[in-house]
Amino acid sequence: MAARSTDWSTVPELISQLERQWARGKWFEPYALGERFEPVSITLRTPTAADLVERTAEVQSWVTGFRSDVARRPGLRVSDKVVRNRSVGANSIPASICVDSFDELIDVVGVRSDVEAFDHAASATETIVPGATDWVRRHPRQVAEGSRIWPQLLSALRWVLDHDVSQLDLRHIDAPGVDSKFLVANRRLVRPLLDAVLASERVHTQHNDLDRRYGFRSRPTYVRLRALGNDVGLPRILSEMEVRVDELALMPLPVANVYVVENRATFNAFPDTPDSIVVFGGGYAVSTLNGLDWLHDRRLVYWGDIDTHGFRILSRLRALFPHCESMLMDASTLKANLARTVGEPSPLTEHLDHLTADEARLYQDLREDRYGAAVRLEQERISFGSLRSGLDAIAVGAAAPESPLPSS
């Protein structure tokens, strides 16, 4: 059976093929690196010798239409071939389309403005921040996409290169044409370019945030705490405060017990307890407590959700403070409250290094779904009476008791 005309190549589909190859970087990256352009040739799906006899009108229509479409696309050239048939003789039909130069290619694909934007940005980079030229040449698409802000970006890079930023906040940048939010707002380009141009000793690769990675003054971290007794070292008119960790580190509070909780509602409802404070850990934000060395001299108790993430947070806190205890994070508490559990969206499977034997056993049970699929017991679902019992045990110096059965 002869092919249908729709089985033969069309100019729009060939243009789409060129556009896909351009998007994959086939020609832009070599151009940016100064490599020689190789002419492009795409072989067509064409009528056969049998089609010339059996579909003569369709073949003629396809040939005429194809040549007409090519003529409307400056930069495309048709290369023909001869197809022979005894009945109709030799016929010349399109065999391939060709693009002979890079200049023609970018018109065909419709990306001339991108290439011109890249050329302008690359030229400016060589003049203002020559150290970034290699990165620019290797990433032309990102440069073209960022061309609208390229003058400000070069201004910012030049300013950072020329200044000691160790006592400056990111928002202190005072480069011409750059506002105070520029670096953060454009971090997708700022980060790889600063990595490329700064001396290695100014790039702290262990950090992802711009502040610490490039030696700007680190933004302070804060901790929120509540006084649970009358005399915990805070002004009497204050029962709750949020304070910089570095400043709280210099102000050890005269308390015996420090409770760290994961949930804000639990923090707000935590009952009065003599000689104690409660700290809002905020989940994985508990790592901010690392700077409070005086916590090593206090009884430190963590209470989090009974789920795999709760135990990971406990493990991380205990890695910082090995004497840290847990409260109401045991198998008895979970068993007593199974009816109150919910599902954990993304349970963990990793090994945790800083759990006690009982905690590790319960963590393993959660990983293996012993109590149900992806079980989570949120701390706010545990009865207030259970919390009070745990705190009473802490007050007399004993380990926190297992949770009693919830009242029906």
Side-chain angles (χ1 to χ4, degrees), residues 5-46 62 65-80 94-154 156-157 182-197 208 210:
S5 61
T6 52
D7 292 327
W8 306 327
S9 294
T10 67
V11 171
E13 73 180 53
L14 296 170
I15 297 299
S16 295
Q17 184 177 340
L18 292 171
E19 289 172 344
R20 289 193 298 272
Q21 292 182 64
W22 177 271
R24 290 196 295 267
K26 182 173 182 178
W27 297 293
F28 204 177
E29 280 79 353
Y31 167 80
L33 292 171
E35 297 178 8
R36 187 170 67 89
F37 177 77
E38 295 292 339
V40 179
S41 177
I42 302 178
T43 302
L44 309 181
R45 301 188 312 278
T46 61
W62 176 78
F66 191 88
R67 293 190 190 283
S68 176
D69 286 347
V70 169
R72 290 194 293 267
R73 293 276 190 168
L76 287 181
R77 177 173 59 81
V78 178
S79 177
D80 288 351
S96 63
I97 62 165
C98 306
V99 182
D100 296 320
S101 69
F102 184 81
D103 195 61
E104 290 173 323
L105 175 69
I106 62 178
D107 282 334
V108 170
V109 181
V111 293
R112 178 172 292 277
S113 62
D114 289 346
V115 174
E116 291 176 347
F118 165 77
D119 286 340
H120 181 75
S123 177
T125 301
E126 291 179 358
T127 300
I128 301 172
V129 190
T133 299
D134 183 67
W135 187 93
V136 167
R137 292 290 178 190
R138 294 181 183 280
H139 301 86
R141 283 182 294 171
Q142 292 94 314
V143 175
E145 290 169 1
S147 61
R148 183 180 58 82
I149 62 164
W150 207 256
Q152 294 94 326
L153 185 58
L154 292 179
L157 292 176
F182 183 84
L183 291 183
V184 173
N186 297 285
R187 64 171 64 86
R188 183 180 61 85
L189 284 170
V190 166
R191 177 171 159 171
L193 282 165
L194 283 176
D195 281 358
V197 302
N208 290 322
L210 299 182

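A distance of 4.0 Å separates CD1 in Ile97 from CG in Leu14, rounded to the nearest 0.5 Å. Between Leu18 atom CG and Glu13 atom CD the span is 11.0 Å, to the nearest 0.5 Å. Separating the CG atom in Leu153 from the OG atom in Ser147 is a distance of 11.0 Å, to the nearest 0.5 Å. Here CD1 of Ile15 is found 8.0 Å from CD1 of Ile42. Values are rounded to the nearest 0.5 Å. For the atom pair Gln152 CD and Leu183 CG, the distance stands at 12.0 Å (nearest 0.5 Å). Taken from CZ in Phe118 to CD in Gln142, the straight-line distance is 10.5 Å, to the nearest 0.5 Å.
At least one side-chain heavy atom of Asn208 sits less than 4.5 Å from a side-chain heavy atom of Arg191.
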Requested in this report: Starting from the C-alpha separation in whole Å, work towards a yes-or-no answer on side-chain contact (heavy atoms from CB on, under 4.5 Å) for Ser16 and Glu19.
Outcome: CA-CA 5 Å; Ser16 295; Glu19 289 172 344; 4.3 Å; yes
Report task. Output, in order, the C-alpha distance, side-chain angles, deciding distance and verdict of side-chain contact (heavy atoms from CB on, under 4.5 Å) for Asp119 and Tyr31. Result -> CA-CA 10 Å; Asp119 286 340; Tyr31 167 80; 2.9 Å; yes
Query raised in the report: Stepwise, does the side-chain contact (heavy atoms from CB on, under 4.5 Å) test hold for Val78 with Asp80?
Result: CA-CA 6 Å; Val78 178; Asp80 288 351; 3.3 Å; yes
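A distance-only check finds a donor-acceptor pair linking the side chain of Glu104 to the backbone of Ser101 [under 3.5 Å]. Using a distance-only test at 3.5 Å, with no hydrogens or angles considered, no donor-acceptor pair links the side chain of Arg36 to the main chain of Pro30. A donor-acceptor distance shorter than 3.5 angstrom exists from the side chain of Thr133 to the backbone of Pro130, with no hydrogens or angles considered.
The nearest pair of heavy atoms linking Ser9 to Phe66 is O-CD1, 3.7 Å. Scanning all heavy atoms of the two residues, the minimum distance from Leu210 to Arg187 falls at CD1-CB, 4.0 Å. Residues Thr46 and Pro94 approach most closely at CG2-O, 3.1 Å, considering heavy atoms. Here the closest non-hydrogen pair linking Trp150 and Leu189 is CZ3-CD1, 4.2 Å. Between Ser96 and Cys98, the shortest heavy-atom contact is OG-SG, 4.1 Å.
Aromatic pair Trp22/Phe28: centroids less than 6.0 angstrom apart.
A salt bridge is absent between Glu29 and Arg24; no separation between the charged side-chain nitrogens and carboxylate oxygens falls under 4.0 Å. Between Arg45 and Asp7, none of the side-chain N atoms (NZ, or NE/NH1/NH2) sits under 4.0 Å from a carboxylate O, so this pair counts as no salt bridge. The pair Asp103-Arg112 counts as a salt bridge, with a side-chain nitrogen and a carboxylate oxygen less than 4.0 angstrom apart. A salt bridge links Asp134 and Arg138; the closest N-O separation between the charged side-chain nitrogens and carboxylate oxygens is under 4.0 Å.
In this pair, Phe102 and Phe37 present their aromatic rings perpendicular. The plane angle is above 60°, beyond the 30 to 60° band.
The closest side-chain donor-acceptor pair between Trp135 and Thr125, if any, does not fall under 3.5 angstrom.
The residue from Arg72, Arg73, Arg67 that alone fulfils the salt bridge (charged side-chain N to carboxylate O under 4.0 Å, His left out) condition with Asp69 is Arg72.
The environment of Arg148 atom CZ is sparse: at most 12 non-hydrogen atoms of other residues, nucleotides or ligands sit within 6.0 angstrom.
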